[in-house]
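To start, the structure itself, in structure tokens.
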Amino acid sequence: MSQRIKIKALLESGKTDIDVTVKGWVRAFRQNRFIALNDGSTNSNLQIVVDFENTDAVLLKRITVGAAISVNGKMAASLGQGQSVEVIATDIEVLGDSDPEKYPLQPKKHSLEFLREIAHLRFRTSTFGAIFRVRNTLSFAVHQFFQERGFVYLHTPVITQSDAEGAGEAFHVTNFDLDNVPRTDTGEVDYKQDFFGTATNLTVSGQLEGELGAMALSDIYTFGPTFRAENSNTTRHLAEFWMIEPEMAFYDLNDNMDLAEALLKYVIKYALEKNREDLEFLNQRLLDEEKTKPQAERSELSLLDKLQFCLDNNFERLTYTEAIDILKDSTPNKKKKFQYLVEGWGTDLQSEHERYLVEKHFKKPVILTDYPKDIKAFYMRQNEPDAQGRQTVRAMDILFPGIGEIVGGSQREERLERLEQRMDEMGIPKEELWWYLDTRRFGSAPHAGFGLGFERLVLFVTGMGNIRDVIPFPRFPKNAEF
RNA sequence: UCCUGAGUAGCUCAGCCGGUUAGAGCAUCUGACUGUUAAUCAGAGGGUCGCUGGUUCGAGCCCAGCCUCAGGAGCCA
């Protein structure tokens, strides 16, 4: 018996007349003769040809959709149309049966909603196989991009002390018996008795710790899970998601934008090369789906065209103030088609405004910079007021078609006085962040960084519509199953 | 959390104005066929109509509350 070979390697070799052993899961068993076998190494199934007239009937009955089997046989040029080679089986062993009455997957198209309910089995579909292979490639490409540039991969803590930076609701971490929480004389929760001796929560961002690393190692990045206890119920939010947060000493906002754009292009290009077959499958899946939609709702570019377009064009860079001017003059604003009309300077852009800029006006990724100070975080570097006295910060958001904000970042405020003043204004407790402020006290330097939502990136590259379909086991309000 | 829509067989869905025994395709099972590509043909089995309560002679359908899902919004990555 020969050693097991993965289907991807076998199909790539294209060899015939060799003895092989393959193992995988049955996707379909047609006409008692043809097994479509998939082992997850590639989107393609391997066709196994069974000589059913000379095979034990009991064994044939056990070859059902979902069963795990091992096959010995000889590679041959296929007589059929759908594949170039196939395995003529000489010996089949069922490693794990799959009761067809109970196995929920059928050799047909299932709805994504249904598959989400059986997330433990959806890996076995072509669509999710492709998605998670692409996700893996993107993840690897992120590391490779930064490693090629001398960045240090820094592990920032998952458990952090209190929610000082105010980046959304955090999950509490405690060792208390929740039926009997210790309290102080005044009736408040006595965190001194808790595991860490203080209130703690799951991280909402590794940025502040990342900055500490950058102020010694120059260029660092984090890539890990992040948690938000927001009651968000959308196609682009999760309670647990993965974020990439680079932080670079001696970078200004332009360097920051250059890096972010280079990163996005690098990983998209990498996926197009490494996962061509998967992306072609996802591309076709979308095209089939579009056929059912009215003409007006169909997208102008296919998935593959959209990705290539993204590589071939510079992202449009403009300031918040310029964006407001464009939006004010836009047709939907004048015709009052926006739900929220753009009137003055200073309020945050609504989703519909971002979509207009990205999908209608520029028709490509857009980087918005220099937002009003009042709608952004305390740590962003303050610009001098403009001629009209308007105050902005060196923020940048990258907006992608269909996704919205995929990157949010800024040049950081490195001037101690300005930073402390802003923290006071916003009610951020300076004492709790003494360690953060120390970087501004000792050898402070200009620096910048950003956060890239990894699932939003996977969403864009795979062309999927719901973020819950691009992470293996999504966590969202009212759901932590699997 | 707000707005809109949905929940009927394992899956996808139909079910008229409230009226007898709730249907179809696929899947499953049985048989036939055997170079198929979501195989084909014939037959069979399969239902707490999301849950709770109400209106009514009678509720899958009307009303109320709740649960879950989808899309959009907010928060954001």
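Sequence lines set the chain letters: A, B, ... in the order given, protein chains first and strands last, and positions in each chain run from 1. Not measured: the values here are computed from a predicted model.
- Within the shown strands, U4(B) is the pairing partner of A70(B) under the Watson-Crick or G-U definition, both distances less than 3.5 Å.
- At a threshold of 4.0 angstrom between heavy atoms, the contacts of Phe400(A) with the nucleic acid are absent.
- Taking atom P on both G7(B) and C61(B), the two are 11 Å apart, rounded to the nearest angstrom.
- In this structure, Val407(A) reaches the sugar-phosphate backbone alone: every heavy-atom distance under 4.0 Å involves primed, P, OP1 or OP2 atoms, never a base.
- Base-pair partner of A39(B): not found among the strands shown (Watson-Crick or G-U wobble, both distances under 3.5 Å).
- With hydrogens and angles ignored, the 3.5 Å screen pairs no side-chain donor or acceptor of Gln411(A) with any backbone N or O of Arg394(A).
- Phe241(A) places none of its side-chain heavy atoms less than 4.5 Å from the side chain of Pro474(A).
- Within the 4.5 Å cutoff, no side-chain heavy atoms of Val22(A) are placed close to those of Asp39(A).
- The minimum heavy-atom distance linking Tyr153(A) with Phe223(A) is given by the pair OH-O, 3.1 Å.
- Side-chain contact between Tyr270(A) and Phe145(A) is absent, with no heavy-atom pair separated by less than 4.5 Å.
- When the C1' atom is used for both A38(B) and U12(B), the distance is 14 Å, rounded to whole Å.
- Going from atom CZ of Phe338(A) over to atom C1' of A73(B) covers 15 Å, rounded to whole Å.
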Would you give a per-nucleotide map of nucleotides 32-37 of chain B, 5' to 3', where B means the base has a protein non-hydrogen atom under 4.0 Å away, S means only the sugar-phosphate does, and - means neither?
--BBBB
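- Nucleotides A73(B) and G10(B) place their P atoms 35 Å apart, quoted to the nearest Å.
- Figure legend. G58(B) is base-paired to no nucleotide; pairs are counted as Watson-Crick or G-U wobble with both atom distances under 3.5 Å.
- Looking at heavy atoms from C-beta onward, Thr156(A) lies out of side-chain contact with Thr203(A) at the 4.5 angstrom threshold.
- Spacing between atom CZ of Arg355(A) and atom P of G71(B) amounts to 12 Å, rounded to whole angstrom units.
- Under the 6.0 Å cut-off for aromatic ring centres, Phe315(A) and Phe400(A) qualify, their centroids lying closer than that.
- For Trp242(A) and C76(B), the CH2 to P distance is 24 Å, given to the nearest whole Å.
- Stacking of Phe454(A) onto the six-membered ring of A77(B) is not present when judged by under 5.5 angstrom between centres and under 30° between planes.
- If you take CZ of Phe29(A) and C1' of A27(B), they are 17 Å apart, rounded to a whole angstrom.
- Within the 4.0 Å cut-off from OP1 or OP2 of C69(B), not a single side-chain nitrogen or oxygen of Asn466(A) is found.
- Although no hydrogens or angles enter the test, the distance criterion places a donor-acceptor pair under 3.5 Å between the side chain of Glu359(A) and the main chain of Gly402(A).
- Across the strands present, U21(B) finds no partner; the criterion is a Watson-Crick or G-U wobble pair with both atom distances under 3.5 angstrom.
- U55(B) and A9(B): their P atoms are spaced 28 Å apart (whole Å).
- One atom, CZ of Arg228(A), and another, P of G74(B), lie 17 Å apart when rounded to the nearest Å.
- Computed from coordinates, the Arg236(A) CZ to A70(B) P distance equals 14 Å when rounded to whole Å.
- Remark: the separation of the C1' atoms in G47(B) and U8(B) is 8 Å, to the nearest Å.
- Comparing Ala28(A) and Lys61(A) by the nucleotide of RNA chain B that holds the closest heavy atom to each, the one mapping nearer the 5' end is Lys61(A).
- Between the side chain of Arg122(A) and the backbone N or O of Pro472(A), at least one donor-acceptor pair lies under 3.5 Å.
- For the pair Leu457(A) CG and A77(B) P, the interatomic distance rounds to 15 Å; values are reported in whole Å.
- Distance noted for atom P between G53(B) and G74(B): 40 Å (whole Å).
- A 6.0 Å sphere centred on NZ of Lys6(A) holds no more than 12 heavy atoms belonging to other residues, nucleotides or ligands.
- If you measure from atom CD of Glu354(A) to atom P of G72(B), you get 14 Å, rounded to the nearest angstrom.
- In this structure, OG in Ser351(A) is found 10.0 Å from CD in Glu405(A), a value given to the nearest 0.5 Å.
- Nucleic acid contact for Arg468(A): sugar-phosphate only, since backbone atoms but no base atoms lie under 4.0 Å from a heavy atom of the residue.
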Which parts of nucleotides 1-15 of chain B does protein reach within less than 4.0 Å, heavy atoms only, written one letter per nucleotide 5' to 3' as B for base, S for sugar-phosphate only and - for none?
B--------BBS---
